[in-house]
Amino acid sequence: MHYYPLRNRGSRGPGDTQIPSNVFSLIPGWGQRRESQSQDDRCVVPQQMLETKQFSGSNCHLGTCRVPEVPRMVYAKAQVLKPTRADVLVMTPWFAPIIWDGVFDSTILDAQFQNATIGLTVFAIKKYVVFLELFLQTAEKHFMVGHRVTYYVFTDRPTDVPRVPLAEGRQLVVLEVRNYSRWQDVSMHRMEMISNFSQQRFLLEVDYLVCMDVDMKFSDHVGVEILSPLFGTLHPGFYRAAREAFTYERRPQSQAYIPRDEGDFYYAGGFFGGSVVEVLQLTTACHQAMVVDRANGIEAVWHDESHLNKYLLYHKPTKVLSPEYLWDEQMLQRPPFLRKLRYVAVPKNHAEIRN
């Protein structure tokens, strides 16, 4: 982040999730599947996935095919003429909600997503493994509490992964990967690794993927309110900025190029996610764009974050997380409308850690 002014899911039970079919044609090797389908036939999955899990038309999850049934519960009625937040933008021009404290009810959302399984990917490469213990300890206190979670730890130092007690229904999977001499290469290859492992196993193991930086800690609730087919997080250094001030890649030679008269928000590379198929599409597209750039002898100004911003400009996220979900107390003064700090940077010497 930069600043300026295992489990095999097998057959699932009632209420479990399904994977949206509208992106299958964009995933490598899956081919075109939508041409002959009717408008009402939306719950179609690849044949190789049908061999490993069972689906029914009533099991689609929120944001995919069907809205899940929730149990009877008691909560305060929403007031149409009294918005819960009038001090911040809570909806994008394309009707994606922006998530702030006070705009959601965790009780309702926990019921809607009660059968979801969430994968959290984090990269602890080289010296960054020192941040892993605090990351996992605070995640157990604040991240998706009460839900099924698989931590996917990408590391070149598997023996250094700490043993952190995990709650029931939660597990840690170590994925050994290679390192790179430059930290920029480590950052850029994250997209490739997430893409590869999404195809190999994540599609069969979890419903949603949340991709986060490891040199952070959870300091407040981060729950299912973030889940959506595709979400990004507002970069804390740019949420007030005009689009001309965004540090997009401005060189037309790069695949990450965004003209100065375009742009919605500047998204942080350290917190994004969505359904596995959407994350697979995103990471594959970003990786392929970086391969083209490398062949042309160019490197985007902010590496994978630049390509993420290009992708989210033309594939609008279905949810946007406010700066509550990514903050640095050492670099930024907290504004009064930021009621909570949910995921914050750990103080560090960047030069020492990266070298």
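In this text the structure is predicted, and so the values were computed from the model without any measurement.
- Using a 4.0 Å cut-off between charged nitrogen and carboxylate oxygen, Lys127 and Asp215 do not count as a salt-bridge pair.
- Taking 4.5 Å as the limit, every side-chain heavy atom of Tyr128 sits out of range of all side-chain heavy atoms of Asp213.
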Given the rule in the side-chain contact (heavy atoms from CB on, under 4.5 Å) test, do Phe135 and Val122 qualify, once you have shown the distances and angles that lead to the verdict? CA-CA 9 Å; Phe135 177 90; Val122 65; 4.1 Å; yes

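- Between Trp327 and Pro236, the closest heavy-atom pair is CE3-CB, 3.5 Å.
- Using a 4.5 Å heavy-atom cutoff, the side chains of His315 and Leu282 are not in contact.
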Should Val153 and Leu132 be marked as a side-chain contact (heavy atoms from CB on, under 4.5 Å) after you check the CA-CA gap, both sets of side-chain angles, and the distance that decides it? CA-CA 9 Å; Val153 176; Leu132 190 55; 3.7 Å; yes

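- A distance of 3.5 Å separates OG1 in Thr117 from CZ in Arg148, rounded to the nearest 0.5 Å.
- Between Tyr248 and Gly263, the shortest heavy-atom contact is OH-CA, 3.5 Å.
- Environment of OH in Tyr75: sparse, with no more than 12 heavy atoms of neighbouring residues, nucleotides or ligands closer than 6.0 Å.
- In this structure Arg243 satisfies the salt bridge (Lys or Arg N to Asp or Glu O under 4.0 Å) test with no other residue, sequence neighbours excluded.
- Here the two rings, on Phe218 and Tyr343, have centers that are under 6.0 Å apart.
- The residue from Ile98, Leu312, Leu313 that alone fulfils the side chain to side chain contact (heavy atoms under 4.5 Å, CB included) condition with Phe265 is Ile98.
- Ion pairing between a basic and an acidic side chain is recognised when a charged N comes within 4.0 Å of a carboxylate O; Asp304 and Arg190 show such pairing.
- By the rule that hydrophobic residues join a cluster once side-chain heavy atoms approach within less than 4.5 Å of another member, Ile108 and Ile118 end up as members of separate clusters.
- Both Val90 and Trp94 are part of a single hydrophobic cluster, where members link through side-chain heavy atoms under 4.5 Å apart.
- Between Thr155 and Leu175 there is no side-chain heavy-atom pair separated by less than 4.5 Å.
- Without hydrogens or angle criteria, Thr92 side chain to Ala96 main chain gives a donor-acceptor distance under 3.5 Å.
- Arg334 places a side-chain N or O within donor-acceptor distance of the main-chain N or O of Leu338, the cut-off being under 3.5 Å.
- For the pair Lys217 (side chain) and Ala345 (backbone), a donor-acceptor distance under 3.5 Å is absent.
- Looking at His142, its side chain never comes within 3.5 Å of a backbone N or O of Thr138 through a donor-acceptor pair.
- Inter-residue side-chain proximity for Asp328 and Val344 is flagged as unmet; no heavy-atom pair is nearer than 4.5 Å.
- Annotation: ring pair (Phe, Tyr, Trp, His ring centres under 6.0 Å) contacts involving residues 280-299, sequence neighbours excluded, are absent.
- Hydrophobic clustering (side-chain heavy atoms under 4.5 Å, transitive across Ile, Leu, Val, Met, Phe, Trp, Tyr) groups Leu166 together with Met144.
- Grouping the Ile, Leu, Val, Met, Phe, Trp and Tyr side chains by contacts below 4.5 angstrom, directly or via other members, places Ile226 with Val103.
- A heavy-atom distance below 4.5 Å is found between the side chains of Tyr267 and Asn309.
- In plain terms, the two heavy atoms of Tyr257 and Lys310 that are nearest each other are O-NZ, 3.2 Å.
- Distance CG/Leu120 to CZ/Phe143: 4.0 Å, rounded to 0.5 Å.
- Although no hydrogens or angles enter the test, the distance criterion places a donor-acceptor pair under 3.5 Å between the side chain of Thr283 and the main chain of Leu280.
- Between Arg342 and Glu324 a salt bridge is recorded (basic side-chain N to carboxylate O distance below 4.0 Å).
- Remark: the backbone N or O of His307 is not paired with any side-chain donor or acceptor of Trp302 at under 3.5 angstrom.
- Glu69 places none of its side-chain heavy atoms less than 4.5 Å from the side chain of Gln112.
- A distance of 14.0 Å separates CG in Leu308 from NE2 in His303, rounded to the nearest 0.5 Å.
- In this structure, Phe154 has its ring center closer than 6.0 angstrom to the ring center of Phe197.
- Rounding to the nearest 0.5 Å gives a distance of 7.0 Å between CD of Glu225 and CG of Leu109.
- Smallest separation of non-hydrogen atoms from Ser306 and Val301: OG-CG1, 3.6 Å.
- A distance of 9.5 Å separates CG of Leu321 from CG of Leu326, quoted to the nearest 0.5 Å.
- With 3.5 Å as the limit, one finds a donor-acceptor pair spanning the side chains of Glu140 and Tyr151.
- Applying the salt bridge (Lys or Arg N to Asp or Glu O under 4.0 Å) rule to Lys141 yields no partners; only residues at least two apart in sequence or on another chain are considered.
- Relative orientation of the Phe337 and Trp100 rings is perpendicular, given thresholds of 30° and 60° on the angle between their planes.
- Side-chain contact, Glu278 with Tyr208: no donor N or O sits under 3.5 Å from an acceptor N or O.
- Counted by atom type alone, Glu305 and Tyr266 present one or more donor-acceptor pairs between their side chains at under 3.5 Å.
- Met91 and Val88 sit in two unconnected hydrophobic clusters of ILVMFWY residues. Membership requires side-chain heavy atoms under 4.5 Å apart, directly or through other members.
- A salt bridge links Arg251 and Glu249; the closest N-O separation between the charged side-chain nitrogens and carboxylate oxygens is under 4.0 Å.
- Rounded to the nearest 0.5 Å, atoms CD1 (Ile125) and CG (Asp156) are 5.0 Å apart.
- In this structure the side chain of Val206 reaches within 4.5 angstrom of the side chain of Tyr152, judged on heavy atoms.
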What's the verdict on side-chain contact (heavy atoms from CB on, under 4.5 Å) for Val210 and Phe271, showing C-alpha distance, side-chain angles and the deciding distance? CA-CA 7 Å; Val210 179; Phe271 196 166; 3.6 Å; yes

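- Across all their heavy atoms, Tyr311 and Cys286 have their closest contact at CB-SG, 4.2 Å.
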Test side-chain contact (heavy atoms from CB on, under 4.5 Å) applied to His189 and Met290, step by step: CA-CA 9 Å; His189 279 280; Met290 285 185 274; over 6 Å; no

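- The minimum heavy-atom distance between Cys211 and Ile194, with the atom names listed, is SG-CD1, 3.9 Å.
- Using a 4.5 Å heavy-atom cutoff, the side chains of Glu299 and Asp293 are not in contact.
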